[in-house]
Structure formats: C-alpha cells, structure tokens
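Only one structure is covered here, and it is reproduced in the block below.
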Amino acid sequence: MNIILLGAPGAGKGTHSEMLVRDFGLKHISTGDLLRAELKKASPVGLEAKSYMDKGSLVPDAVVMKLLVGAIAGIKHGNGFLLDGFPRNESQAGMLQEELASRNMNIDKVLYLNVSKDVVIKRLTGRRICKSCGAVYHVLNMPPEREGVCDKCGGDLYQRPDDTEETVLRRLEVYRKETEGLINYYKARKILAEVNADLSRDDTYGLILQKLGKK
Ligand code: AP5
C-alpha cells in the first residue's frame, strides 16, 4: 500500500501518518521532516531551505526532489510507504511519477484531508512538538500530561517557528496557489479519496480506514 496524504498545513497529515505507520508498518516520508533534519545538521541543503521555510514558501523543487529520491531509494522492495507533504505542485507530482515508474512502483491512493481555514489556524498555533522523538501535541486538543514535557520520552516540547499566525496565513495562501490543484490532478487519475479532516482525530482516522478498505 503506497499512499499520499494531501492537505493544507494543519490538516493532520503528520498526526494520521503516525497512526497509519503504527497500524500498517508503512515507511513514513515527510519532506518537511527531511528538511528540518537537514536544518538541524546545518547542512548546505538545510541552510538553503531555511529562508523559504521561515517565510512559509515552498523550497525549490530540485532541493526537495533530491531528499525524496534518497528516501525512496531506502524503501525495501515490497514494503509500503506514506508520503506526507509531497508532492506540493504538479511539477513535483510529475517527477514523483517518473521516479516511481523507474522503480516499478506506483501510488495506490491519495487521501485528501479536507480541513477549514479557521480550524487550521487554531490547530497550528497550538501545536507543540517533542524535540527528542518528534511526537505531536496540541495545547488544547491533545495536551501532554505535564505541560512542556513529552509523555512518550520526557523530551522538551517546542513550537515550530513557522507556526505563528502570520506565517500560517502565508502557508495557507501558498497551499491554495500551488498545491490545491493536485486535488483535481489525482481525481482525474481516479485514486483520490476525500476525508473530512475537521472532525476529531479518531473520527478522521475512522474515515481514513474506511477509504482504505480497512474498516
Ligand atoms: P511540512 O512540515 O510538510 O508542513 P505542512 O504541510 O505545512 O503541514 P504541517 O506539518 O504544518 O501540518 P500537518 O497536516 O502535518 O498537521 P499535524 O498532523 O501536525 O512543511 C513545512 C515547510 O517545509 C513548508 O512550508 C515548505 O517550506 C517546506 N516543504 C515541505 N515539503 C515541501 C515540498 N514537497 N516542496 C517544497 N517545500 C516543502 O496537526 C497539526 C496540529 O493539529 C497538531 O497539534 C495536532 O495534534 C492537531 N491535530 C491534527 N489533527 C487533529 C484533529 N483531527 N483534531 C484535533 N487536533 C488535530
């Protein structure tokens, strides 16, 4: 099972990726996480990406594609994968198609997490992430047991620099201009399944399982 999770910032791509990985053992490939890992290492790729990410703009396709190809090359044949935050425009979708075809792989399903703007703003400005293990929380919806401390590993929680209201609005605008067109792109290929992502985490996940024929 090879899946793309498509949706606006804050739609719940990372949250539901974690649940799908837990239940189906898929390899999780998040281009946002790959870029943040490069940034942490202060590599040339990470430093180049930082200026785009801080503004809420897309990182150039060539930079992201290099990271993506490396991650796909690491998938053991026959194991499924989950793409989170990739592709972000038609050019990336075309390059993905070519890359997968060259490896005799394909995408089985694109799950479009449809979320409304006011929900996104509340979710992202309240999101907190563990510095050590990457677990995701929300100060109101999914708070940790102890404020600022990860339930899973005891690590410190932090707020992503691009989760301020101003940058979230910019990311939503970029999503509308550059990424939203992929809904029709995959609809035309008859692999798109839409899910109401305004619902609670568990209700949304229930819909995802239905669309995957697992419930
Ligand atoms: P990336 O890291 O991919 O961020 P994003 O797409 O903006 O998405 P988010 O991670 O913000 O949201 P999410 O949908 O994963 O939501 P989450 O599950 O965490 O990209 C960051 C940047 O990197 C981009 O701006 C760009 O610069 C660059 N980049 C990345 N990929 C690129 C590419 N392919 N090309 C070019 N540039 C690229 O949930 C959010 C919060 O809500 C959490 O607190 C969570 O607990 C809560 N929550 C989630 N679901 C629910 C629910 N159903 N009910 C209640 N709360 C919920």
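We count ligands from 1, going down the list as the structure has it; atoms in each ligand are counted the same way.
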Lys/Arg-Asp/Glu bridge criterion (N-O < 4.0 Å) met for E173, R170: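 Looking at E173 and R170, the cut-off is not met.
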Within 45° cone of Y158 ring axis and under 6.0 Å: R160 NZ or CZ: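 Checked: cation-pi criterion not met.
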Geometric cation-pi criterion K55 and Y52, 6.0 Å radius, 45° cone: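 Cation-pi check for K55 and Y52: passes.
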Does any N or O atom in [X] lie less than 3.5 angstrom from one in ligand 1, N or O only?
X	answer
S57	yes
G12	yes
D163	no
R201	yes
R123	yes
H16	no
V136	no
G56	no
F86	no
L58	no

Close side-chain approach of L212 to K109, heavy-atom, < 4.5 Å: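 In contact.
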Short list, please: which atoms of ligand 1 are under 4.0 Å from a heavy atom of [X]?
X	result
R36	2 (O), 21 (C)
K13	5 (P), 6 (O), 8 (O), 12 (O), 13 (P), 14 (O), 15 (O), 16 (O), 18 (O)
G14	13 (P), 15 (O), 18 (O)
L35	23 (O), 28 (C), 29 (N), 30 (C), 38 (C)
G85	31 (N), 32 (C), 33 (C), 34 (N)
T31	30 (C), 31 (N), 32 (C), 33 (C), 34 (N)
Y137	43 (C), 44 (O), 46 (O)
Q92	33 (C), 34 (N), 35 (N), 36 (C)

[atom]: nearest protein contact (heavy atom, Å):
atom	result
atom 12 (O) of ligand 1	G10 N, 2.9 Å
atom 19 (O) of ligand 1	R127 NH1, 2.6 Å
atom 53 (N) of ligand 1	L199 O, 2.9 Å
atom 37 (N) of ligand 1	V59 N, 3.0 Å

Nearest atoms (heavy-atom pairs only) where [X] meets [Y]:
X	Y	result
M1	L26	O-CD2, 3.5 Å
R123	H138	O-CD2, 3.1 Å
P143	L140	CD-O, 3.5 Å
P87	Y186	CG-OH, 3.4 Å
I29	A71	CG2-CB, 3.8 Å
Y137	K152	OH-N, 3.7 Å

For [Y], does its backbone N or O pair with a side-chain atom of [X] as donor and acceptor, under 3.5 Å?
X	Y	value
D84	L5	no
R171	D162	yes
N2	F81	yes

Side chain, backbone, both or neither: [X] near ligand 1, heavy atoms under 4.0 Å:
X	value
L68	neither
A49	neither
N141	side chain

Just go through [options] and tell me whose heavy atom is the nearest to [atom].
atom	options	result
atom 17 (P) of ligand 1	D203, L39, T15	T15
atom 57 (C) of ligand 1	M142, E178, R170, H138	M142
atom 20 (O) of ligand 1	R171, K122, R88, M53	R88

Within-shell test, A11 vs ligand 1, heavy atom, strictly < 4.0 Å: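 It does, in that a heavy atom of A11 comes within the 4.0 Å cut-off of ligand 1.
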R160 heavy atom under 4.0 Å from ligand 1: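 Yes, that is the case, since the closest heavy atom of the residue is under 4.0 Å from the ligand.
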Result of checking L209, T204, D202 against M19 for side-chain contact (heavy atoms from CB on, under 4.5 Å):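 Among L209, T204, D202, the one meeting side-chain contact (heavy atoms from CB on, under 4.5 Å) with M19 is D202.
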Of L58, L68, L83, L67, the residue whose pairing with T31 passes side-chain contact (heavy atoms from CB on, under 4.5 Å):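 Testing T31 for a side-chain contact (heavy atoms from CB on, under 4.5 Å) against L58, L68, L83, L67 leaves exactly one candidate, L68.
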Within 6.0 Å of NZ in K50, more than 12 heavy atoms from elsewhere: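 12 or below, so no.
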Heavy atoms of other groups near R22 CZ, more than 12 under 6.0 Å: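 Enclosed.
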